[in-house]
Amino acid sequence: MAEDDPFVSSGTTRFHLDCRNNDDGTVTEIMDLAGTSGAPYPGTYDEHAEVRIRPGDPTFPAVDVLAVRADFTIRSSVGQVTGTKRLPAPVTNGAYPAGGCSPGDSSHYGRFLSENLDYTATIVSAGGVFTDRGIARFQHDPTRVDRDTVYSEFNETFASSLNAPEQNDSALFGPRTPGGSFSAMSANAKRASPFTLYYPATVRKLYAFVDGNGATIGSQTVRGVLYRNGPGNVPGALVAPTFQFTVPAGMSARYVPLYLAPPTKLTPGVYWIGLQSASTNGVARFAWSSKPNSRRYNVDGYADGPSDPFGTAALDDQQMSIFAAGSY
């Protein structure tokens, strides 16, 4: 299965539809449904969805869909898929009736069409547990059928596939999408960015998005570093370094796996993930995205390993494209 292969699920199903009036004046539509999913996860699915909207008026104008959360499970011959889809920002292409809702009364049933529902899902398969992202399109139109049977359809495209090398474990913390900017790595230096781990986990490796386009000849060796958050929200005590990786000049941009041995158990909290670079100057480059106060860096000789603690460091806005992988 290549990257960006579609995962498509659709069906006409009977499911429970209800709603509640919220204290802030919004309305939450509640749906429980079941249906049949498609490739690459053929099987059946169950889903519980809650859609929070701002009520319209009797003329059915477009109103904001404020939030969508849908918990789902797909039972498939190629692996069970579980996860939660979320709509991270309001959209204004929905239509709902005015005056809130009256549970048990079909008058509260509305229709909406929401696109670009970005979500993160946990995938449980025969090959292990990992995290994937997607964009869902969901349609709900009760006028298509009688009040007890509601037509629904959703189409989803995962951002990457089971075969993508960075998908071998759960992405525990750190950005999964690489930034579009690159910076060359100085000799004998280290740099790290902070990210939050929300649940106890075991880190087995780090993935850093790097290339070798800082030079046309030579190579540069790098290792991953993992630090605890220290007083003042700066990198503090060293948790562990990884095995090293040599980046040849001209290497195309990719996620490079950096293994910890042994794997490291972490409790929830903020951790700094980064890279230490060896004596050759500027061959390897790391990808980054702009975010205020998101990177600390300093001089640190490579030969004797990363310093513990991190040490006094300069600050800039280059959030590194690096994440920790393992299992919960």
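As a basis for the values below, the full set of heavy atoms in this structure was taken, side chains included, without hydrogen atoms, waters or symmetry mates. Numbering of residues begins at 1 and proceeds along the displayed sequence. Values in this document were obtained by computation on a predicted structure and should not be read as measured data.
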Enumerate donor-acceptor pairs with a distance under 3.5 Å from any side-chain N or O in residues 209-219 to protein atoms, sequence neighbours excluded.
unit_1	atom_1	unit_2	atom_2	d
Asp211	OD1	Asn213	N	3.2
Asp211	OD1	Arg285	NE	2.9
Asp211	OD2	Asn213	ND2	3.2
Asp211	OD2	Arg285	NE	3.4
Asp211	OD2	Arg285	NH2	2.7

Which one of Arg191, Gln318, Arg295 satisfies the side chain to side chain donor-acceptor pair (under 3.5 Å) criterion with Ser183? Gln318
Which heavy atom of Gln220 sits nearest a heavy atom of Ser277, and at what distance? NE2-CB, 3.6 Å
Side chain proximity check, Ile322 to Leu275, heavy atoms < 4.5 angstrom: yes
Counting C-beta onward and ignoring hydrogens, is there a side-chain heavy-atom pair between Leu172 and Arg204 closer than 4.5 Å? no
Nearest heavy atoms of Trp272 and Arg228, plus distance in Å: CD1-O, 3.9 Å
Are Met251 and Val283 connected into the same hydrophobic cluster when the rule is that any two of I, L, V, M, F, W, Y join if their side-chain heavy atoms are below 4.5 Å apart? no
Qualifying salt bridge (Lys or Arg N to Asp or Glu O under 4.0 Å) pairs with a residue from residues 180-190, counting only residues at least two apart or across chains: Lys190-Asp300
Point-to-point distance, once rounded to the nearest 0.5 Å, from CG of Asp316 to NZ of Lys291: 13.5 Å
Can you tell me how far apart CD (Gln276) and CG (Asn298) are? Round to the nearest 0.5 Å. 9.0 Å
Side chain Asn229, main chain Val270, donor-acceptor under 3.5 Å: no
Please find the pair of heavy atoms, one from Gln319 and one from Pro175, that lie closest to each other, and give the distance. OE1-CG, 4.4 Å
Compare all side-chain heavy atoms of Leu226 with those of Tyr271 and state whether any distance is below 4.5 angstrom. yes
Begin with the C-alpha distance, continue with both residues' side-chain angles, and end with the deciding distance and a verdict on side chain to side chain contact (heavy atoms under 4.5 Å, CB included) for Val225 and Ile273. CA-CA 6 Å; Val225 293; Ile273 316 174; over 6 Å; no
Examine distances only and state if a side-chain atom of Glu47 and a backbone atom of Thr73 form a donor-acceptor pair shorter than 3.5 Å. no
Donor-acceptor contact present, side-chain Arg296 to main-chain Ala314, <3.5 Å: no
What pairs with Asp46 under side chain to side chain donor-acceptor pair (under 3.5 Å), at least two apart in sequence or on another chain? Arg75
State, to 0.1 Å, how close Ala313 and Phe310 come at their nearest heavy-atom pair, and which atoms those are. CB-CE2, 3.6 Å
Using side-chain heavy atoms (C-beta onward) and a distance below 4.5 Å, is Arg20 in contact with Glu50? yes
Looking only at heavy atoms, which two atoms of Gly179 and Ala287 are closest? And how far apart? O-CB, 3.8 Å
Any sub-3.5 Å donor-acceptor pair from Ser186's side-chain atoms to Ala189's backbone N or O? no
What residues, two or more places apart in sequence or in another chain, satisfy side chain to side chain donor-acceptor pair (under 3.5 Å) together with Ser252? Arg254
Quick check on the hydrophobic clustering: are Leu238 and Leu266 connected, directly or via other members, by side-chain heavy-atom contacts under 4.5 Å? no
Are side-chain heavy atoms of Phe323 and Thr177 found at a separation under 4.5 Å? no
Please examine the side chains of Thr202 and Thr264, heavy atoms only from C-beta on, and report whether any two atoms are closer than 4.5 Å. no
Compare all side-chain heavy atoms of Leu206 with those of Val256 and state whether any distance is below 4.5 angstrom. no
Less than 4.5 Å apart, side chain to side chain, heavy atoms only: is that true for Tyr227 and Ser307? yes
Listed pairs under 3.5 Å, donor-acceptor, residues 193-201 side chains, sequence neighbours left out:
unit_1	atom_1	unit_2	atom_2	d
Ser193	OG	Ser294	O	2.7
Ser193	OG	Met320	N	3.0

Taking only distance into account, with no hydrogens and no angle test, what donor-acceptor pairs under 3.5 Å do side-chain atoms of residues 240-248 form with protein atoms, sequence neighbours excluded?
unit_1	atom_1	unit_2	atom_2	d
Thr242	OG1	Gly224	N	2.7
Gln244	OE1	Tyr302	OH	3.0
Thr246	OG1	Thr221	OG1	3.1

State whether the side chain of Asp317 and the backbone N or O of Asn293 hold a donor-acceptor pair below 3.5 Å, judged by distance alone. yes
